[in-house]
Amino acid sequence: MKIYIDGKYYDERNAKISVFDHGLLYGDGIFEGIRAYNGRVFRLREHIDRLFASAKAILLTIPLSHAEMMKAVIATCRRNKVQDGYIRLLVTRGIGTLGLNPKSCKAPSVVIIAGKIQLYPEEYYEKGLDIITVPTVRNLHSALNPAIKSLNYLNNILAKIEANNGGCEEAVMLNSEGFVAECTGDNLFIIKGKQLLTPPLSAGALYGITREVVMGLGRDAGMSVAEPNLTRYDLFNADECFLTGTGAELVPVVKIDGRIIGDGSPGPITKALVAQYRTLTNSVGESIYD
Ligand code: PMP
């Protein structure tokens with residue numbers, strides 16, 4: 001695999017970042033996780049838009065233009081002959097002193113890794129996930145806004161550990177007011193009658209690209225799509241529930257905190273949305289090889 005770092009390609013063993021990079025020292029940086037399907041990068045423009053929005057929020061100047069960043073992602077995929085894969089794009093604050101002040105960092109670094117995707121086991125999609133609410137509360141938007149896809153994922157990692165300790169793969173994270181925010185690496189949806197509901201961004205959710213696509217699919221299917229504040233009670237009494245994310249796509253959830261959702265198996269609307277999402281990912285995107 002060839003890794004892009006600041007305009008050059010390196011072998012895996014030579015792809016290195018300084019120990020003085022504030023991305024490592026302080027988690028000072030941003031990232032994106034992107035998928036390629038059938039030789040096309042899915043929703044690349046939206047991912048780069050979100051990267052630039054995260055950069056703006058943390059006052060980080062990305063050394064490439066939006067168009068150059070899109071080209072760099074495509075070029076890295078081409079270089080690695082990616083057909084179906086996962087792309088990790090990072091922008092770090094760059095090399096500085098040991099002090100936390102980003103003023104000491106003269107040049108941000110751009111890293112692009114385009115490789116294979118580690119898929120969730122097929123069983124998760126067939127049987128659905130059993131998830132739990134964890135004690136770690138999602139970051140306050142007034143402290144570190146969860147809309148910023150920053151390199152500091154400790155909040156999510158702690159919740160992930162708590163989920164694993166409880167014997168689960170994923171966790172429901174609540175915000176400081178007790179409303180549902182999202183999961184550790186995925187957005188959360190419920191279906192109630194003809195309504196498709198997901199927490200608002202203000203509840204502490206990432207502006208998920210998959211979330212946005214699924215909301216569009218729901219609208220196309222004639223569902224009423226809304227972003228109300230949701231409580232655990234709403235989750236327990238949903239007809240169906242699923243998670244969305246670039247890596248996970250759509251994963252049905254069949255149990256939350258011991259409460260069985262619907263009839264305990266992936267629901268019909270969830271299954272239909274999974275199929276529609278897969279059709280879409282296989283047919284649109286920025287072409288890598290044209
Ligand atoms: N929430 C969090 C915390 C995430 O890290 C992610 C991305 N893995 C998502 C939601 C889903 O976002 P997307 O659909 O853009 O991958």
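We use all heavy atoms of the structure for the numbers below, so side chains are in, but hydrogens, waters and symmetry mates are not.
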Give the table of side-chain donor-acceptor pairs shorter than 3.5 Å for residues 172-182, with sequence neighbours excluded, one pair per line with atom names and distance.
| residue | atom | partner | partner atom | Å |
| --- | --- | --- | --- | --- |
| Asn175 | OD1 | Glu177 | N | 2.9 |
| Asn175 | OD1 | Gly178 | N | 3.1 |
| Asn175 | OD1 | Phe179 | N | 3.0 |
| Asn175 | ND2 | Ala203 | O | 3.0 |
| Glu182 | OE1 | Leu206 | N | 3.1 |
| Glu182 | OE2 | Arg138 | NE | 2.7 |
| Glu182 | OE2 | Arg138 | NH2 | 3.0 |

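- Among all heavy-atom pairs drawn from Gly245 and Thr210, the shortest one is C-OG1, 3.1 Å.
- Within the 3.5 Å criterion, the main-chain N or O of Leu44 finds no donor-acceptor partner in the side chain of Glu286.
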Exercise answer: donor-acceptor pairs, residues 52-64 side-chain atoms, under 3.5 Å, sequence neighbours excluded:
| residue | atom | partner | partner atom | Å |
| --- | --- | --- | --- | --- |
| Ser54 | OG | Arg50 | O | 3.2 |
| Ser54 | OG | Lys149 | N | 3.2 |

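- At distances below 3.5 Å, not a single donor-acceptor pair connects side-chain atoms of Asp11 with backbone N or O atoms of Ala15.
- One distance of note links CG of Leu24 with OG of Ser18; it measures 8.0 Å at 0.5 Å rounding.
- Annotation: side chain of Lys2 is not in contact with side chain of Thr76 (no heavy-atom distance under 4.5 Å).
- A distance-only check finds no donor-acceptor pair linking the side chain of Glu162 to the backbone of Ala171 [under 3.5 Å].
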Output side-chain donor-acceptor pairs under 3.5 Å for residues 110-127, partner residues at least two apart or in another chain, one line each.
| residue | atom | partner | partner atom | Å |
| --- | --- | --- | --- | --- |
| Tyr124 | OH | Glu169 | OE2 | 3.3 |
| Tyr125 | OH | Ala248 | O | 2.8 |

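- Residues Phe31 and Ile5 share a single hydrophobic cluster, defined by chaining ILVMFWY side chains whose heavy atoms lie under 4.5 Å apart.
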For the pair Asn237 and Lys192, evaluate side chain to side chain contact (heavy atoms under 4.5 Å, CB included) and give the outcome as yes or no after the intermediate values. CA-CA 8 Å; Asn237 290 291; Lys192 188 80 184 166; 4.2 Å; yes
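- Open room surrounds CZ on Arg45; 12 or fewer heavy atoms of other groups in view lie less than 6.0 Å from it.
- Under the 4.5 Å side-chain heavy-atom criterion for grouping Ile, Leu, Val, Met, Phe, Trp and Tyr, Ile157 is connected to Leu90 within one hydrophobic cluster.
- At least one donor-acceptor pair closer than 3.5 Å links the side chain of Asn155 to the backbone N or O of Val137.
- Scanning both residues, Ile260 and Asp263, for their nearest heavy atoms gives CG2-C, 4.1 Å.
- Tyr233 pairs in a side-chain contact (heavy atoms from CB on, under 4.5 Å) with only one of the listed residues (Thr231, Leu230, Leu235), which is Thr231.
- Residues Leu188 and Leu129 share a single hydrophobic cluster, defined by chaining ILVMFWY side chains whose heavy atoms lie under 4.5 Å apart.
- Side-chain contact between Thr184 and Glu170: present, with at least one pair of heavy atoms (C-beta onward) separated by less than 4.5 Å.
- Inter-residue side-chain proximity for Glu212 and Asn187 is flagged as unmet; no heavy-atom pair is nearer than 4.5 Å.
- Shown here for Cys105 and Gly96, the closest heavy-atom pair between the two residues is SG-CA, 3.9 Å.
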Identify each donor-acceptor pair in which a side-chain atom of residues 66-73 lies under 3.5 Å from a protein atom, sequence neighbours left out, and give them as a table.
| residue | atom | partner | partner atom | Å |
| --- | --- | --- | --- | --- |
| His66 | NE2 | Asp49 | OD1 | 2.7 |
| Glu68 | OE1 | Ser65 | N | 2.8 |
| Glu68 | OE1 | Ser65 | OG | 3.4 |

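- The heavy-atom pair separating Arg35 from Thr246 by the smallest distance is NH1-O, 3.1 Å.
- Here the closest heavy-atom approach between residue Asp28 and residue Pro102 is recorded as OD2-CB, 4.0 Å.
- Residue Phe20 qualifies as open at atom CZ: its count of foreign heavy atoms under 6.0 Å is 12 or below.
- Judged by distance alone, the side chain of Asn139 and the main-chain N or O of Pro146 form no donor-acceptor pair under 3.5 Å.
- Taking CE of Met1 as the start and NZ of Lys81 as the end, the distance is 13.5 Å to the nearest 0.5 Å.
- With hydrophobic clusters built from ILVMFWY side chains whose heavy atoms lie under 4.5 angstrom apart, Ile30 does not share a cluster with Ile95.
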Could you check His22 against Thr92 for side chain to side chain contact (heavy atoms under 4.5 Å, CB included), going step by step and ending with a plain yes or no? CA-CA 7 Å; His22 280 207; Thr92 71; over 6 Å; no
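- Partners of Asp21 by salt bridge (Lys or Arg N to Asp or Glu O under 4.0 Å), not counting sequence neighbours: none found.
- When every heavy atom of Ala36 is checked against every heavy atom of Val82, the shortest pair comes out as CB-CG1, 3.8 Å.
- The backbone N or O of Gly29 sits nowhere less than 3.5 Å from a side-chain atom of Arg93 that would complete a donor-acceptor pair.
- Formation of a donor-acceptor pair under 3.5 Å by the Ser104 side chain with backbone atoms of Thr97 is found in this model.
- A cation-pi arrangement is present between Arg79 and Tyr9, with the terminal nitrogen or guanidinium carbon under 6.0 Å from the aromatic centre and inside a 45° cone about the axis.
- If you chain together hydrophobic residues whose side chains sit under 4.5 Å apart, Ile256 and Leu197 fall into the same group.
- Note that the CG atom of Asn14 and the CD atom of Glu12 stand 10.5 Å from one another [nearest 0.5 Å].
- Other residues, nucleotides and ligands contribute more than 12 heavy atoms inside 6.0 Å of the OH atom of Tyr26.
- Rounded to the nearest 0.5 Å, atoms CD1 (Ile34) and CZ (Arg43) are 13.0 Å apart.
- Contact check for Leu89 versus His47: no side-chain heavy atoms found under the 4.5 Å cut-off.
- Donor-acceptor pairing under 3.5 Å is lacking for the side chains of Asn152 and Ser150.
- In this structure, the side chain of Asn145 engages the main chain of Ala147 through a donor-acceptor pair within 3.5 Å.
- Taken to the nearest 0.5 Å, the NZ atom of Lys160 stands 13.5 Å off from the OG1 atom of Thr136.
- Met223 forms part of a hydrophobic cluster together with Tyr37, Phe42, Phe189, Ile191, Leu196, Val213, Val214, Met215, Leu217, Val225, Phe242, Leu250, Ile269, Leu273, Val274, Tyr277, Leu280, Val284, judged by ILVMFWY side-chain heavy-atom separations under 4.5 Å.
- Side-chain N or O atoms of Asp186 include none that pairs as donor or acceptor with a backbone N or O of Leu243 at under 3.5 Å.
- Note that CD1 of Ile17 is 10.5 Å distant from CD1 of Ile3, once rounded to the nearest 0.5 Å.
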